Amino acid sequence: MTTAKPQNITVAVRVRPLTKLELQRHSFVTVETVDETHVVVKDPDDKMGGIDYLRLDKFKTKHYCFDHVFGAESVQTEVYEKTARPLVRKAVQGYNACCFAYGASARSPLAILRRCPRVR
């Protein structure tokens with residue numbers, strides 16, 4: 001019988017909703033959540049440096065699994081509770097902890113931190 005070892009690394013992904021501009025352009029969702037650990041990524045086929053208009057309805061669909069998946073409807077507190085809060089608890093207990101967050105938009109973690117008032 002194998003006993004589960006405690007995890008040292010947790011990987012989570014949060015799928016964002018389409019922006020107003022993307023909706024105006026009739027863009028389509030390329031990442032969909034399947035359940036709390038699984039996403040599907042649809043990649044339109046645009047080989048050869050341009051869009052192949054004969055294959056616009058064809059996708060190279062890929063499936064990915066993570067420890068946690070948060071859909072477009074998820075709220076910040078839900079993401080915090082399942083990802084960062086356990087790290088904070090361990091850090092308070094004296095353990096080392098690190099939370100790496102990446103966002104490729106104006107709402108990236110760094111942009112959010114820049115808007116926060118400095119604590120002195």
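Everything numeric in this text was worked out from a predicted model, so none of it was measured.
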Backbone N/O of E22 and side chain of S27: donor-acceptor pair under 3.5 Å
yes
Measure the shortest side-chain to side-chain distance between V39 and V15 over non-hydrogen atoms and say whether it is less than 4.5 angstrom.
yes
Rounded distance [0.5 Å steps], CZ in F70 versus NZ in K82
6.0 Å
Test side chain to side chain contact (heavy atoms under 4.5 Å, CB included) applied to H68 and T10, V13, V79, the passing residue
T10
Distance col, row L18:CG vs R25:CZ, nearest 0.5 angstrom, shows 12.0 Å
Tell me whether D67 contacts the main-chain N or O of V11 through its side chain, where contact means a donor paired with an acceptor under 3.5 Å.
yes
Do T61 and V40 have side chains that get closer than 4.5 Å, going by heavy atoms?
yes
Any side-chain to backbone donor/acceptor pair from R16 onto A72? Under 3.5 Å, distance only.
no
Please answer: with hydrophobic residues joined when any side-chain heavy atoms are less than 4.5 Å apart, are V34 and F66 in the same cluster?
no
Heavy-atom pair of closest approach, residues A12 and T83
CB-CG2, 3.8 Å
Nearest heavy-atom neighbours spanning L87 and C99:
CD1-CB, 3.6 Å
Tell me, do R14 and Q76 make a side-chain contact under 4.5 Å, heavy atoms counted?
yes
Assess the side chains of T33 and D35: does a donor N or O sit below 3.5 Å from an acceptor N or O?
no
Same hydrophobic cluster for L23 and V29, using side-chain heavy-atom links shorter than 4.5 Å among ILVMFWY?
yes
